[in-house]
Amino acid sequence: MTRITVDVNDDWLDAAREVLGTDTKVATINAALHAFAVRRQAREIIAAFDQVEMDFAGSADAWRYGGGRDLDTLPEQAHDAEAA
């Protein structure tokens, strides 16, 4: 772990602490850095899936026990959620 000394905007730190539910400055900064790293990983995963053509036609009938979810609109829903 790296130890650094930085000047941090107190208002931003308090806002981040409230959103993240952390108790200390160190925990808040680490949680914020982790959140950004996870976001980047999520974007990379989405980009990888965007390169693969997926066919969900008939997915509602393919599940056991009499039905499942219709996944035909799943790609559009994912992109809509990403844009929001």
Side-chain angles (χ1 to χ4, degrees):
M1 194 167 281
T2 302
R3 183 170 189 83
I4 60 173
T5 302
V6 295
D7 292 326
V8 177
N9 181 300
D10 290 327
D11 293 334
W12 296 349
L13 186 63
D14 290 339
R17 183 180 296 167
E18 185 177 320
V19 170
L20 297 168
T22 53
D23 295 332
T24 67
K25 293 176 182 179
V26 171
T28 302
I29 293 168
N30 283 327
L33 293 172
H34 180 258
F36 275 100
V38 168
R39 281 187 193 179
R40 187 178 99 198
Q41 289 174 336
R43 280 194 303 270
E44 291 171 357
I45 291 169
I46 289 169
F49 277 120
D50 280 346
Q51 295 177 11
V52 178
E53 186 173 332
M54 295 184 195
D55 181 11
F56 297 111
S59 61
D61 298 327
W63 293 80
R64 295 184 189 184
Y65 308 112
R69 293 187 263 165
D70 183 5
L71 301 177
D72 285 335
T73 60
L74 186 62
E76 291 82 18
Q77 292 173 7
H79 287 289
D80 291 346
E82 182 181 318

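Positions are given from 1, in the same order as the sequence printed here. Source: prediction; values computed, not measured.
With hydrophobic clusters built from ILVMFWY side chains whose heavy atoms lie under 4.5 angstrom apart, Val8 shares a cluster with Leu33. When the side chains of ILVMFWY residues are joined at heavy-atom separations under 4.5 Å, either directly or via intervening members, Val52 and Ile46 end up in two distinct hydrophobic clusters. Under a hydrophobic-cluster definition in which Ile, Leu, Val, Met, Phe, Trp and Tyr are linked whenever side-chain heavy atoms come within less than 4.5 Å, directly or via other members, Ile4 and Leu13 are assigned to the same cluster.
For residues 11-34, there are no salt bridge (Lys or Arg N to Asp or Glu O under 4.0 Å) pairs, not counting sequence neighbours. Counting only residues at least two apart or on different chains, the side-chain hydrogen bond (donor to acceptor under 3.5 Å, both in side chains) pairs with a member in residues 26-39 are Thr22-Thr28.
Think of Met1 as one node in a network of Ile, Leu, Val, Met, Phe, Trp and Tyr side chains linked at under 4.5 Å; it has no links at all. Phe36 shares a hydrophobic cluster with no other residue; no ILVMFWY side chain has heavy atoms under 4.5 Å from its own.
Residues satisfying the side-chain contact (heavy atoms from CB on, under 4.5 Å) criterion with Ala35, sequence neighbours excluded, are absent altogether. In this structure, the salt bridge (charged side-chain N to carboxylate O under 4.0 Å, His left out) partners of Arg40, at least two apart in sequence or on a different chain, are Glu44.
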